[in-house]
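Lettering of chains follows the sequences in order, A, B, ..., and the numbering in each one begins at 1.
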Number of protein chains: 2
Amino acid sequence: MSLTKAEEQLMEYLWQKEKVFMKDLIECFPDPKPATTTVATLLKRMQDKGFVAYTLFGNSREYYPLVEKKDYFSKHVNGIIKNFFNDSVAQFGSFFARDTSMSTRELEELRNIIDEEIKRKQNG
Amino acid sequence: MSLTKAEEQLMEYLWQKEKVFMKDLIECFPDPKPATTTVATLLKRMQDKGFVAYTLFGNSREYYPLVEKKDYFSKHVNGIIKNFFNDSVAQFGSFFARDTSMSTRELEELRNIIDEEIKRKQNG
DNA sequence: ATTTTTATTCTACATTTGTAGAGTATACTA
DNA sequence: TAGTATACTCTACAAATGTAGAATAAAAAT
């Protein structure tokens with residue numbers, strides 16, 4: 001199961017804060033902020049889906065993510081690659097390098113990141 | 001406006017075929033195939049959103065995409081980068097290189113693609 | 001010409017999603 | 001301790017989405 005748009009937005013705040021009480025979550029939103037009950041509903045649904053949990057502090061709850069951002073997006077991006085890029089990372093990479101309007105500087109930065117990752121994989 | 005899951009799936013078939021009659025679109029689906037009316041509804045909604053159009057051939061329509069796949073996903077991926085990776089391609093690139101479990105071979109292939117893209121940008 | 005098939009629209013409905021009021025319980029305050 | 005604020009749940013409902021039957025129209029087959 002995956003997150004809806006509204007849940008995803010909320011999850012992003014969760015990921016940013018790592019731990020957060022509901023009232024502080026609401027603060028994260030730009031105006032007009034949603035009603036507390038709206039956020040409460042979303043958090044409940046996200047619990048049901050296994051994406052968040054909380055620690056009870058007195059009478060209120062400190063929420064935290066159960067799913068790491070990188071795992072979530074890894075699954076997400078791999079899904080896109082599987083469904084729309086012929087299950088080929090290279091095909092997606094090609095698209096990404098050519099069609100997302102990266103500057104030369106960004107491309108070079110990305111190449112360095114990949115180089116480092118290759119080294120990291122070889123050495124340890 | 002963007003596509004829903006079901007519409008996105010259908011769009012993928014449109015992109016693959018480039019031009020296609022509805023009955024052939026239905027053939028693209030794995031069993032159990034959707035009802036023709038289901039596909040018709042989706043196509044109608046996609047027309048309303050400006051994603052597809054058709055050419056009339058006798059009494060039936062040959063549908064074709066109005067939006068290119070690369071443009072669609074460019075927007076999509078850029079949206080993810082903006083919302084969840086701090087609007088930084090490098091941050092997304094880092095994530096992509098490290099956390100999507102690419103093999104060394106895939107990483108090297110990707111580096112080559114990027115190299116070529118850098119050259120292409122420089123020369124013409 | 002009548003039946004059958006094909007193509008498309010209209011309408012409908014269940015499910016999911018976005019949003020929040022009303023209610024309840026607990027805690028804080030005057 | 002009566003009144004107010006806080007935290008959360010339950011219920012509700014509109015909009016979006018997924019799915020398709022019934023109806024209609026045109027074409028093909030007999």
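- Rounded to an integer number of Å, the gap from A:M46 CE to D:dC8 P is 15 Å.
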If you look only at distance, which donor and acceptor atoms sit under 3.5 Å apart when one is on a side chain in residues 73-97 of chain B and the other is two or more places apart or in another chain?
unit_1, atom_1, unit_2, atom_2, d
B:S74, OG, A:D99, O, 2.9
B:S74, OG, B:N78, OD1, 3.4
B:N83, ND2, B:G79, O, 3.3
B:S88, OG, B:A90, N, 3.4
B:S88, OG, B:Q91, N, 2.8

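- Applying the ring-ring contact (aromatic ring centres under 6.0 Å, His included) rule to pairs touching residues 97-124 of chain A yields nothing, sequence neighbours excluded.
- Using a 4.5 Å heavy-atom threshold, the side chains of B:L3 and B:F51 count as touching.
- In this structure, B:L10 places its CG atom 13 Å from C1' of D:dT19, rounding to the nearest Å.
- Residue pairs meeting the salt bridge (charged side-chain N to carboxylate O under 4.0 Å, His left out) criterion with at least one partner in residues 26-37 of chain A, sequence neighbours excluded, are A:D31-A:K33.
- If you measure from atom CD of A:Q47 to atom P of D:dC10, you get 12 Å, rounded to the nearest angstrom.
- Atoms CG and OG1, on B:L43 and B:T38 in that order, are 11.0 Å from each other to the nearest 0.5 Å.
- DNA chain D lies under 4.0 Å from no heavy atom of any residue of residues 71-82 of chain A.
- At whole-Å resolution of the value, CD1 in B:I26 and C1' in C:dT6 are 11 Å apart.
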(request) Take nucleotides 20-30 of chain C nucleotide by nucleotide from the 5' end and write B, S or -, depending on whether a protein heavy atom sits under 4.0 Å from the base, only from the sugar-phosphate, or from neither. (result) BBB----S---
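- A distance of 11.5 Å separates NZ in B:K69 from OH in B:Y72, rounded to the nearest 0.5 Å.
- With sequence neighbours left out, the salt bridge (Lys or Arg N to Asp or Glu O under 4.0 Å) criterion links A:E8 to A:K5.
- Between the C1' atom of D:dA16 and the CE atom of B:M1 lies a distance of 11 Å, rounded to the nearest Å.
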Using atom types as modelled, flag every donor-acceptor pair under 3.5 Å from a side chain in residues 112-119 of chain B to any protein atom, sequence neighbours excluded.
unit_1, atom_1, unit_2, atom_2, d
B:D115, OD1, A:R111, NH1, 2.5
B:E117, OE1, B:R120, NE, 3.0
B:E117, OE1, B:R120, NH2, 3.4
B:E117, OE2, B:R120, NH2, 2.9

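- Scanning for side-chain contact (heavy atoms from CB on, under 4.5 Å) contacts around A:S101 gives an empty result, with sequence neighbours left out.
- Straight-line distance from the CG atom of B:L43 to the C1' atom of D:dG18: 14 Å, rounded to whole Å.
- Taken over five-pair windows at either terminus, the axes of the helix from C:dA1-D:dT30 to C:dA30-D:dT1 are inclined to one another by 10° (rounded to 10 degrees).
- Here B:R61 reaches the OP1 or OP2 of C:dT8: one of its side-chain N or O atoms lies under 4.0 Å away.
- Comparing atom distances between the A:K5 side chain and each of D:dT17, D:dA7, C:dG18 picks out C:dG18 as nearest.
- Evaluation of the salt bridge (Lys or Arg N to Asp or Glu O under 4.0 Å) rule for A:K44 yields no partner, not counting sequence neighbours.
- Closest to the side chain of A:K44, out of D:dC10, C:dT8, C:dT19, is D:dC10.
- The salt bridge (Lys or Arg N to Asp or Glu O under 4.0 Å) search around B:K17 returns none, not counting sequence neighbours.
- Sequence neighbours left out, the pairs with a member in residues 47-68 of chain B that pass salt bridge (charged side-chain N to carboxylate O under 4.0 Å, His left out) are B:E7-B:K49, B:E68-B:K70.
- Here the C1' atom of nucleotide D:dA16 and the CG atom of B:L3 are 14 Å apart, to the nearest Å.
- To the nearest angstrom, P of D:dA16 lies 18 Å from CD of B:E8.
- Comparing D:dA7, D:dG18, C:dT9 by their nearest atom to the side chain of B:A40 picks out C:dT9.
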